[in-house]
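Here is the structure we will look at.
Predicted, not measured: the structure shown is a model, and the values here were computed from it.
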Amino acid sequence: MNEPANASPQIHALLTDGSTVRIRPVLPGDHERVLRLYDGMSAENLRLRFFTANRSSAHQSADRLCTPASPGRRALLAEAGDELVGVAEYETLPGTGTEAEVGLAVSDHWHHRGAGTLLLEHLVSVARADGITQFCAEALAENHAMLKVFADLGLQTAGHFDGPEVHCTVRLAEDETYLSAVDLRGRTADVASLRPLLRPRSVAVIGPGRHPGSVGRAVLRNLRHGGFTGRLFAVHPHAPVVLGVPTYPNVAALPLTPDLAVLAVRASAVPLVAEECGKRGVRSLLVVSSGLDAQQAQALQSACRWYGMRLAGPNCLGVANTDRGIGLDATFAADPPQPGSAGVAVQSGGVGIALLSGLSRLGIGVSTFVSLGDKYDVSGNDLLQWWECDDRTDLALLHLESFGNPRTFSRTARRVTRRMPVLTVDAGRTDAGRRAAASHTAAAATSTMTRQALFTQAGVTATRSIAELLETAALLHAQPLPGGRRIAVVSNAGGTGVLAADACAEAGLTVPPLPSAVTAALLKELPHGAVADNPVDTTAAVSEDQLRACLSVISVAEEVDAVLVSLVPTAVAAATGDRLPRAVTCLPRDLACPIVAVLPDQEASVRLLSAGGGSIPAYADPQAAAHALAHAVSRAKWLSRDTGRIPPLEGIHSARAEGIAAAYLSAHPEGGWLEPRDGAALLDCYGIPRLPWGWAANEDEAVREAERLSGPDGPVVLKAYVPGMIHKTEQHAVCLDLRGDAQIRAAHRGFVTRFHGRLAGVLVQPLAERGLELLAGVVQDDVFGPLVLFGLGGTATEVLADHAARLAPLTDQDVHDLISTPRCAPLLLGHRGARAVDVGCLEQLLLRLSQLAGDLPELAEADFNPVIAGPDGVAVADVRIRLTPSRTYDAYLRRLR
């Protein structure tokens with residue numbers, strides 16, 4: 001493995017056929033390699049690229065490509081191992097500054113594998129960061145392949161003919177069409193790259209061991225017993241045969257190159273064995289070994305990237321594919337996974353074993369199982385794309401302790417969750433129950449809030465435990481989704497019915513009274529003494545036939561969205577031979593209303609009752625049933641709503657805002673809090689409404705500004721500006737309702753005394769009209785991107801912590817959810833006769849804040865508190881903005897971890 005001796009940034013990405021390439025800037029030292037690329041091209045391809053078969057044009061291009069990069073001129077190359085795959089470049093056209101000519105060349109035998117398109121995607125990303133808005137290119141009209149590359153990018157393109165040539169223009173504005181095209185290309189490449197891992201034609205287990213307790217030996221045993229249909233080998237330096245499988249002394253001695261190599265060797269040997277596999281041409285590695293140190297980990301990752309191998313692990317349980325045509329069980333689990341329809345991806349091996357066992361017990365089984373382990377490469381996002389294209393998977397279960405690229409995960413999950421339920425355990429809820437201890441946005445935001453925002457926006461069902469995950473999976477697998485949250489509770493014991501009703505209410509469901517017509521119909525079917533309210537108490541005397549008739553009536557009532565049946569064994573039923581649960585399972589299977597059972601006497605927390613071609617989930621605890629129903633209601637609501645769009649905004653001046661940020665960071669390279677004047681200027685760039693204000697360096701200026709803003713008699717507000725101060729009210733840095741010169745001067749002198757030597761100035765504002773005090777803000781998360789917060793503001797924000805959060809960019813649907821989620825939401829709509837606030841203006845404020853955060857990655861935190869909201873509009877009364885140095889990061893650029 002001979003990696004180039006330079007420190008240039010490089011990105012690894014997948015081509016359409018699943019192979020891996022590295023993309024990096026072209027360097028002067030690449031000149032000979034670029035020449036060899038051009039010299040290896042056929043005369044026809046040279047003619048199509050340079051409009052002549054004369055190689056002198058190609059040599060001139062190599063000279064230009066390999067000169068040091070300069071503003072307005074960039075060049076990228078793609079390479080696989082030691083081989084140069086292709087090059088792409090752009091150079092700004094004279095006199096434009098925003099338009100550049102683009103060129104592309106790909107090695108002959110790398111054509112039709114997506115290399116050119118991938119290079120252009122990365123070149124577009126670089127160009128955008130440089131301020132380029134449009135590419136132009138000249139191509140021969142007969143160069144259909146190149147014209148198709150431009151047309152299929154997903155960007156807005158145009159072309160006109162000029163004799164034998166076509167002049168193409170490509171606008172670089174990123175929109176949903178482009179992102180969707182990138183998604184499709186990424187999904188195609190990802191699935192192709194995972195085939196050697198999940199559908200291998202041959203497997204070699206390296207390090208099977210001769211002792212019964214060996215992990216490698218357990219993997220080999222499971223592969224044999226699982227009925228793997230491909231070729232199976234083992235690598236062991238001393239044993240000629242292990243468990244009846246032919247063994248070879250090393251990877252090089254194998255009779256053929258395996259698609260998948262399972263590494264079960266000591267940690268120190270993993271990098272060397274991975275290198276041997278790469279040289280042999282192995283396409284994927286499964287590393288079950290653990291305990292790699294940082295150097296060994298880096299060596300393993302480097303080998304996988306250099307040789308283009310996908311990697312599951314290390315420190316993992318293994319992978320499995322229960323397709324009968326594959327029969328792959330490359331795990332060291334004690335029990336084989338049962339075939340089924342659930343795709344499972346976990347980081348923890350223990351969680352994996354628990355999920356495999358639970359799904360087998362439920363009879364759901366798995367289609368594909370991947371233990372991600374330390375997740376050096378293959379991730380949950382990869383598996384979502386695999387299941388999306390897998391006609392066997394209809395339920396996705398994830399246990400992820402970290403996210404490599406949450407924004408890509410969000411886009412993928414939003415798409416996949418429209419096809420199948422995606423469930424996860426919200427692991428690491430270390431901030432659960434914690435109240436925000438400060439009023440600024442960064443203190444209010446928590447990792448729990450950020451993850452929940454990701455899951456909510458992506459439609460992922462987040463549960464609190466493995467048990468809840470399985471309980472919810474059972475319902476989503478077996479029953480239709482409810483049309484709403486109205487639950488009818490039926491029981492043969494009043495006490496259990498009350499417990500079930502309480503559980504439903506606590507889970508956010510409703511147990512409404514039944515209409516009189518339904519009540520009357522129920523009483524005709526039930527024994528004397530039954531209560532047909534909701535909950536319905538059938539009494540212990542209910543027979544199997546009576547219960548079935550009761551459920552038939554209630555399950556078709558328009559006022560009922562789901563039915564929860566709680567049944568306890570009684571002596572009456574035992575004496576008559578009635579089996580009450582059978583009344584539930586014998587209902588017609590075409591009911592649109594989901595039905596769940598609660599059987600407190602059963603041992604399992606959840607099981608599926610066979611119901612004539614279908615099944616009904618039965619829970620031991622009504623709370624488990626209620627939580628599962630609540631998750632099903634949330635999924636139904638998410639599926640029924642509009643996907644949302646990012647509406648266009650008027651009056652946005654992004655370039656001016658970027659200039660303000662650049663000027664501040666030039667003067668303060670370490671970053672910090674903007675002064676009030678710069679903060680106000682940023683708000684003005686995005687049309688965010690704010691209260692009028694003035695700046696005063698002394699008390700005379702304070703008096704003049706007060707008179708300008710509110711006339712000679714006020715009232716006005718004075719706020720001391722002390723750099724770094726967060727809690728103005730606690731520090732007595734705010735004086736309200738000041739009237740006349742004397743009060744203003746006295747307040748200013750008080751600030752000077754109180755903040756001696758630290759007072760940088762005073763803000764003067766007219767006293768705001770009465771309104772609801774809200775908080776709006778954003779925090780830039782290094783991994784998740786901008787998180788927008790909204791909720792109750794003012795001094796109450798510390799005590800109540802009534803906030804909701806969504807990840808930017810916000811759609812109109814996200815903004816609606818953001819406003820309606822906090823507990824204070826009824827106050828916005830007019831509570832007990834009060835006038836509603838201007839919700840439209842509030843939505844605009846949040847959308848503009850979202851775009852501000854998206855345009856400025858330097859914006860570490862913005863805190864608008866309070867935002868005064870009233871019937872006639874909203875306005876920011878106080879703003880604090882913190883900037884930090886930040887590199888531009890294209891979250892949607894195709895790349896491997």
Side-chain angles (χ1 to χ4, degrees), residues 340-342 344 354-355 357-359 361-364 394-399 417 420-426 452 455-456 459-491 496-497 499-511 535 551 555 560-567 581 584-585 587 591-600 602-611 614-640:
S341 60
V344 180
L355 287 178
S357 174
L359 291 169
R361 177 173 51 78
L362 288 168
I364 297 175
D394 59 18
L395 184 66
L397 275 61
L398 301 172
H399 176 264
T417 48
M420 69 181 75
V422 177
L423 289 79
T424 188
V425 177
D426 188 7
Q452 289 174 347
F455 295 146
T456 299
V460 174
T461 301
T463 64
R464 298 166 299 174
S465 65
I466 297 173
E468 187 178 327
L469 182 74
L470 290 168
E471 290 156 1
T472 306
L475 174 58
L476 296 178
H477 172 78
Q479 291 288 296
L481 293 173
R485 58 183 63 249
R486 300 169 300 177
I487 311 300
V489 175
V490 179
S491 73
T496 61
L499 290 174
D502 287 344
C504 288
E506 290 167 355
L509 305 170
T510 62
V511 185
L551 294 176
S555 61
V560 173
D561 297 312
V563 180
L564 187 156
V565 189
S566 181
L567 301 173
V584 181
T585 60
L587 289 171
L591 291 175
C593 175
I595 296 178
V596 302
V598 174
L599 306 177
Q602 74 178 25
E603 293 184 4
S605 63
V606 61
R607 62 191 176 106
L608 290 177
L609 305 176
S610 179
S615 55
I616 290 177
Y619 302 89
D621 186 342
Q623 288 188 332
H627 283 132
L629 280 169
H631 286 306
V633 167
S634 295
R635 171 161 173 76
K637 180 180 178 182
W638 191 86
L639 287 173
S640 66

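The closest side-chain heavy-atom distance from Leu567 to Val490 is not below 4.5 Å. The side-chain heavy atoms of Val489 and Ser566, taken from C-beta on, include no pair separated by under 4.5 Å. Contact annotation: the side chain of Asp561 never approaches that of Val633 to less than 4.5 Å [non-hydrogen atoms, C-beta and beyond]. Residues Arg486 and Thr510 have side chains in contact (heavy-atom distance under 4.5 Å, counting atoms from C-beta outward). Looking only at side-chain heavy atoms (C-beta outward), Leu608 and Ile364 come within less than 4.5 Å of each other. When side chains are defined from C-beta on, Glu471 does not count as touching Leu475, because their heavy atoms never get closer than 4.5 Å. The shortest side-chain heavy-atom distance between Leu599 and Arg607 falls under the 4.5 Å cut-off. Using a 4.5 Å heavy-atom cutoff, the side chains of Val598 and Thr496 are not in contact.
Under a 3.5 Å cut-off, the side chain of Arg361 and the backbone N or O of Val606 do form a donor-acceptor pair. Looking at Gln479, its side chain does come within 3.5 Å of a backbone N or O of Ile595 through a donor-acceptor pair. A donor-acceptor contact shorter than 3.5 Å is absent between the side chain of Ser357 and the backbone of Ala354. Side-chain atoms of Arg635 never come within 3.5 Å of backbone atoms of Thr461 as a donor-acceptor pair (strictly under, hydrogens ignored). Although no hydrogens or angles enter the test, the distance criterion places a donor-acceptor pair under 3.5 Å between the side chain of Gln602 and the main chain of Ala618.
Judged as a salt bridge (Lys or Arg N to Asp or Glu O under 4.0 Å), not a single pair has a partner in residues 624-633 (not counting sequence neighbours).
Annotation for Ala630 and Leu509: closest pair CA-CD2, 3.9 Å, computed over non-hydrogen atoms. Here the closest non-hydrogen pair linking Leu359 and Ala342 is CD1-CB, 4.1 Å. Scanning both residues, Leu564 and Cys504, for their nearest heavy atoms gives CD1-SG, 4.0 Å. Closest non-hydrogen pair, Pro594 versus Pro480, comes out as CB-O, 3.2 Å. Here the shortest heavy-atom pairing between Asp394 and Met420 reads O-CB, 3.4 Å. Asp426 and Ala462 make their closest contact through CB-CB, 4.4 Å (heavy atoms, listed as atom of the first residue, atom of the second, distance).
Under the side-chain contact (heavy atoms from CB on, under 4.5 Å) test applied with His477, the options Pro617, Ser341, Pro421 reduce to a single match, Ser341. When the options Val563, Leu629, Ile487 are evaluated for a side-chain contact (heavy atoms from CB on, under 4.5 Å) with Val596, the one that passes is Leu629. For the side-chain contact (heavy atoms from CB on, under 4.5 Å) test with Leu423, the passing option among Leu470, Val344, Thr417, Leu395 is Leu395; the others fail.
Atom CG of Leu481 sits about 12.0 Å away from atom SG of Cys593, to the nearest 0.5 Å.
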* To do: Before giving the answer on side-chain contact (heavy atoms from CB on, under 4.5 Å), spell out for Leu609 and Val584 the whole-Å C-alpha distance, their side-chain angles and the decisive distance to 0.1 Å.
  => CA-CA 9 Å; Leu609 305 176; Val584 181; 5.7 Å; no
